[in-house]
Amino acid sequence: MRVPFEWLCELTGIEASVDDVATRLTNAGFEVGAIHRAGEHWDRIVVGEVVRIDPHPNADRLNLPTVNTGSEEIQVVCGAWNFEAGDRIAFAPAGARLWDPYADEPVLKELKPTRIRGVVSRGMLCSTKELGISDDHEGILVLDSDAPLGQPLAEALGGEVLEFELKANRPDALSVLGIAREAAALYGTQVSSPIPDHRAGEHGPSQPVQLQIDDPALCARYSAALVHEVKVGESPAWIRDRLEQAGVRPISTIVDATNYVMLELGQPLHAFDWDTVRGGFIGVRTPRPGERLVTLDGQDRELTPETLCIVDAEGPVALAGVMGGLDTEVTDTTSSVLLESATFDPVSIRRTAHRLNLRSEASRRFEKGLPPELTVLALRRCVQLIEEIGAGRGEFLTADAYPEPSDPAAVSLAFDRIERLMGVAYDRGEVRQALNSLEFGLDEDGDELCVTPPFWRRDVTAPADVVEEVARLVGYERIPDTLPTGQVMDLAPGEIDERDDEARDVMAGLGFAECVTYALTSEARMARLVPPDLLDASPDTPLGDADAWAAVHESAMDDAGRALADRLLPLDREPLRLRNPLSMEENVLRLTGLGTMLETLRANRRHADRDLLLFDYQPSFLARDGDLPEEPNFLTAVIGERVSAGRWNETGTVELPFVRGVVDELLSRSGVPADETSHDDLQHPTFAAGAAAAVTHRGNLLAAYGEVDAEVAAAFDLDERSWALLVDMPAVREASAGPPSFSAWSEYPSALRDLAIVVDAEVTQADVYDAILRAGRPLLQSARLFDEYRGEQIPAGKRSLAYALSYAAPDRTLTDKQADRAHNRVVRALQHRLGAELRG
Amino acid sequence: MQERLDALLTSARAELAAAADDAALEQWRVTHLGRRSELTGLLRSVGSLPREERREAGQAANAARRELEEALETRQTELRRGADGAQVDVTMPGYPVRLGSLHPLTRTLREIRRVLAPLGFRAVSGPEVEWDRYNFELLNIPADHPARDMWDTFHIDDKARPGELLLRTHTSPVQARVMEQIQPPVRVIVPGKVYRYEDRDASHEAEFMQVEGLAIDKHITMADLRGTLTYFVRAMFGPDRELRIRSSYFPFTEPSAEAEMSCHACNGDGCPVCGGTGWIEILGSGMVHPKVLADVGYDPDVYQGFAFGMGVERIAMLKYGVTDIRSFYRNDLRFLRQLR
Ligand SMILES: [Zn+2]
């Protein structure tokens, strides 16, 4: 809301600077977002008088006014015609700065002497747009005839305008008077009310106006005043100036007067052309079936049952509080006017204004809840204003319907409640002074204080509200710094798991950069995680349909793949969809973060050729019927093809065991015992065939990892092999055995033996490893794989695995013989159980 | 004795300087420090000296031995450095180390938690997809209240319960969730992602992080709020920070306050970071509204307390000098590595 500073000063008698007033109001809760200073740039622009107007010798559409600036006469070339010799105008000589009316952005340009069609122009007559007053570029600004010649325009016209960023709780502050009350309370001045005293019987009701409110819940009060001998025309300059400064476009006397009063007092008014209202009747009600209204904007509207309407004897004439009807609009020929001043239900107005997308200065005020007491005051002020500017002759109040009068309720509180809430003492004198200055009624009974808010402060209903009034009037500077004391709270529900921090630390320690990605995504982005031909997707169903997925489950997945698709990568689930997305690029909540992470991998690939290790640890959103969705924190990691290894420029290529190293470390640090997990083949269309694995714990999927399918990688524009790791961290927590426990090792020297065997290629490392551990008991302490070989040196269809084994006894040093005996048992077991052959 | 030692040291030093390779050094060691060396002989002979001379002579001989040992080590190091005829270039860069990084928002969140933990605040989380009831109604923002305009909301398209599911617009719903479940004293902070239906630009995000703080007990006051916030900004931005609060409005607090801190970049003199004002808006806060307390079943005549909320990106931007809020979500490794 824009408040011209001189208007505020006129009502309050404040003489402080605009900056001081802005600061104090801001601190008291009325935030001044900006101070507009009209005329800041008008350094050389003055009030000039047009002495004469000569025709341009070479152009019919231009003229040559000569302007008296008070000190000299200057001839300029002008393209506007809306002025005459003798008019006072805003004159900018060469060198002045003006807003460029043709630029898209506000740009100040210095005016230079120019030759236009052969005649030199040494200045300019300004339009309001060039001056930065309004957007109106039609014609030049003609000033009042008594504007002093040669006076800087800033003095003649300018002034500061305070722009307030107002909060939802103070409808009274949507008015100059409301702001003035606050300012006066802060500066200790008196508000001079612009509302005239009641004028009884002066004109008397000339005509009966019958009012009817159907439902007082929707319209608490409806007051009306008739104005006769109406003269619709241009308002005087002072009204137009204030309206323009407040950001309201002047239209004509009657409309300007209603807008002026709305700005001043906060009560929106509406003017009906009384001669077009049928039956001398005004009613407030919801529409009957089939009722329609052509509104001021020319739209013929069918009225929904909840739209509150103003009706005459025959039907709707306005949308209450939102927009008037075309038929009853005040026009140049209007001779009498009915002014409406009403209190409508805030919720009803808000809904209608939102539904029809017709939010206005008026609806904004109704939405916040106006006091019924204001209606008659606003009418009085408006009628007086109309008479003052000679636009008509009226009655202060012709008719008034207020079926269920109510007063603001008093609030009682103990004086010490203020200290109890604020943590600092206020003496009673201060409290009285603060509340009195805001026109609250006070009644004291010992330590009890009974506060009656003025009618415009219906937001004050509870002790805490009263405390706030005192605290902000005295100033928050009063409040000291103390720290809360008292008991420690119980463990809170939903407490953040420290293990989340640890998982992030582990990943960072393993070389991964943590990313924080958007939860909003598109189905298309997630659909790229499956080779396109597989789903037979269309733009409408980018993630395919149930039939397509059934086929994918059948043909392109094994059991592990289906387990993955069930939860960690649930691309066939219906995602949560936004009703009002910002764009179709982010219209659903993600089912998986993998699509976004592959995009992030791609974006970083543009400037890095190695060490692309990224992870994201944010929730996915899995819908649940009739409940909030599940929001499991899944860990998603992606890895580029090459990683640094060794000297400066040496790199290694990422292979499956590289990713497994990451998984094993993460699971182990999360407390999942390695011997309770199993890594098995994974077939899923997102991953390359034969290069992916699933990690399970007692049959539950914990993680999946592998090389990203080449087609999928291509869909993300990735130009190298890429790897992905998905971890169901909540499942990992379930599988955790808790903190690690200590187990002692042998203090005696170990006997080391290497073992290289050749087995069929189908025999897995896990089979060999398990067999070694089982056969090596109890002396075998550890077995570490150190090589795998397939190739020419061994028969086709075979692989060689090599392990370093370590034997020790807890209570003695093993002899060579004892170690050999244990080792031979291992060798025999491998030969016997797995058909292994020792490699020479 | 001392004379013999001095002579011995002089000649040993000269010979050591002349020794040019490992073999020569070994020869020198055998000659001067070996079992048959003169020095060893001298040490052995100490025992045969008169009792009153033994102590002094023993110390001198041992000192000489230490000196020769150190000289040998120094000479060895000198020779080794000169091997291959070239010195090691210590200005060579180190081999690449693959250490990852935590996201700057994670680091900022952890710092906030660390700062507030000693005041007894426990960190809790809540759902990002919320019921209208928790996001608005239990925070004294009924349906069709104009205060709803303060939060542009993403709604979930839910046929079963239209209009009830939304993306939380602030972390405040977790206030109500915590209070519904436990009795005071309550002291929690709530970090988490929130959503606004808002076009993105350098200072606005549709998804961003907030931290909410809530303290409820019988005697928690606005002065405690101010003290907590002062403590917080000083711990985060340095001991010289000043805090100021001014009246504001939030539906779920009464009284409400906007908090600003003196600019950490210019110490309050005015600079581009603070828009020339010397002050930086840092968070919104207030005393929890009695209606909010009553709605979760607390007696507002017995219990009271404060709440505050801040944008994590904003804190991180101030701390790290980031100027575009969207950088946090682009996850460019150059950005992530700078701010790790
Ligand atoms: Zn600054």
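Throughout, protein chains are lettered first and strands after them, A, B, ... in sequence-line order, and every chain is numbered starting at 1.
With a 4.5 angstrom heavy-atom cutoff, A:A623 does not touch chain B via any of its atoms. Heavy atoms closer than 4.5 Å to chain B are found in the side chain of A:R359, but not in its backbone. For A:R606, no part sits under 4.5 Å from any heavy atom of chain B, backbone or side chain. Neither the backbone nor the side chain of A:A471 comes within less than 4.5 Å of any heavy atom in chain B. Interface remark: A:E586 contributes side-chain atoms only to the contact with chain B (heavy atom separation under 4.5 Å). With a threshold of 4.5 angstrom between heavy atoms, B:F306 approaches chain A through side-chain atoms but not through N, CA, C or O. Contact annotation for A:F621: only side-chain heavy atoms (C-beta onward) come within less than 4.5 Å of a heavy atom of chain B. In this structure, chain B has no heavy atom under 4.5 Å from any part of A:E574. For chain A, the nearby part of B:R113 is the side chain; its heavy atoms alone come within less than 4.5 Å. Contacts of A:E367 with chain B are made by both backbone and side-chain atoms, with heavy-atom separations under 4.5 Å. For chain B, no part of A:E650 is nearby; none of its heavy atoms comes within less than 4.5 Å. With a 4.5 angstrom heavy-atom cutoff, A:L589 touches chain B only via side-chain atoms. Contact annotation for A:S583: neither backbone nor side-chain heavy atoms come within less than 4.5 Å of a heavy atom of chain B. There is no contact between A:P463 and chain B, counting heavy-atom distances below 4.5 Å. Within the 4.5 angstrom heavy-atom criterion, only side-chain atoms of A:T600, from C-beta onward, approach chain B. At a 4.5 Å heavy-atom cutoff, the contact between A:R350 and chain B is made by side-chain atoms alone.
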### Task
Go through the steps to decide whether A:R364 and B:D149 satisfy the test salt bridge (charged side-chain N to carboxylate O under 4.0 Å, His left out), and finish with yes or no.
CA-CA 11 Å; A:R364 249 179 259 282; B:D149 293 350; 5.7 Å; no

### Message
Is there a side chain to side chain contact (heavy atoms under 4.5 Å, CB included) between A:N649 and A:R610? Walk through the geometry before answering.
### Response
CA-CA 10 Å; A:N649 200 34; A:R610 68 188 67 177; 3.0 Å; yes

### Message
For a side chain to side chain contact (heavy atoms under 4.5 Å, CB included) check, start with the C-alpha distance between A:T482 and A:V424, then their side-chain angles and the critical distance, and finish with the verdict.
### Response
CA-CA 10 Å; A:T482 56; A:V424 63; over 6 Å; no

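Comparing B:R330, B:E164, B:R334, B:H145 by how many heavy-atom pairs each has under 4.5 Å with chain A, the most go to B:R334. Your options are A:D465, A:V643, A:D625, A:L510, and the one with the most heavy-atom pairs under 4.5 Å with chain B is A:D465. For the set A:V467, A:L612, A:D505, the entry with the most heavy-atom pairs within less than 4.5 Å of chain B is A:D505. Between chain A and the options B:Q183, B:M209, B:E198, heavy-atom pairs under 4.5 Å are most frequent for B:E198. Considering only heavy-atom pairs separated by less than 4.5 Å from chain A, the leading option among B:I216, B:V97, B:L336, B:L165 is B:L336. Options B:P251, B:S256, B:G120, B:G286 differ in how many heavy-atom pairs under 4.5 Å they form with chain A, and the most are formed by B:S256. Counting heavy-atom pairs closer than 4.5 Å to chain B, the top-ranked of the candidates A:D616, A:D611, A:L582, A:V347 is A:L582. Of the listed residues (B:R148, B:R337, B:K193), the one with the most heavy-atom contacts under 4.5 Å to chain A is B:K193. Annotation: maximal heavy-atom pairing with chain B below 4.5 Å, among A:G626, A:A645, A:G486, occurs at A:G626. Chain A forms the most heavy-atom pairs under 4.5 Å with one residue out of B:L167, B:L225, B:D199, and that residue is B:L167. No other option in A:E419, A:R472, A:R577 has as many heavy-atom pairs under 4.5 Å with chain B as A:R577.
The existence of a salt bridge linking B:D152 and B:R196 is excluded, since no basic side-chain nitrogen approaches an acidic carboxylate oxygen closer than 4.0 Å. A salt bridge links B:D157 to B:K159: one of the charged nitrogens lies within less than 4.0 Å of a carboxylate oxygen. Between B:E254 and B:K291, none of the side-chain N atoms (NZ, or NE/NH1/NH2) sits under 4.0 Å from a carboxylate O, so this pair counts as no salt bridge. One finds no salt bridge joining A:K167 and A:D459 here, because no Lys/Arg side-chain nitrogen approaches an Asp/Glu carboxylate oxygen to under 4.0 Å. Checked for salt-bridge contact, B:E180 and B:R133 meet the test: a charged N lies under 4.0 Å from a carboxylate O.
Residue-environment remark: CZ (B:R234) exceeds the threshold of 12 foreign heavy atoms within 6.0 Å. Heavy-atom contacts from other residues, nucleotides or ligands closer than 6.0 Å to CD of A:E665 number more than 12. Other residues, nucleotides and ligands contribute over 12 non-hydrogen atoms within 6.0 Å of the NE2 atom of A:H354.
Of all heavy-atom pairs between B:R168 and B:P173, the closest is CB-CG, 4.2 Å.
Classification of the B:F154-B:Y197 ring pair by plane angle, with boundaries at 30° and 60°, yields perpendicular. Relative ring orientation between A:Y518 and B:Y329 is described as parallel, the plane-to-plane angle staying below 30° on a 0-90° scale split at 30° and 60°.
To the nearest 0.5 Å, atoms CG (A:L614) and CG (B:L333) are separated by 5.0 Å.
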Identify all side-chain donor-acceptor contacts of residues 489-497 of chain A below 3.5 Å with residues at least two apart in sequence or on another chain.
unit_1, atom_1, unit_2, atom_2, d
A:E495, OE1, A:A492, N, 3.0
A:E495, OE1, B:R122, NE, 3.3
A:E495, OE2, B:R122, NE, 2.8
A:D497, OD1, A:R499, N, 2.9
A:D497, OD1, A:R499, NE, 3.1
A:D497, OD2, A:R499, NE, 3.3
A:D497, OD2, A:R499, NH2, 2.9
A:D497, OD2, A:R733, NE, 3.3

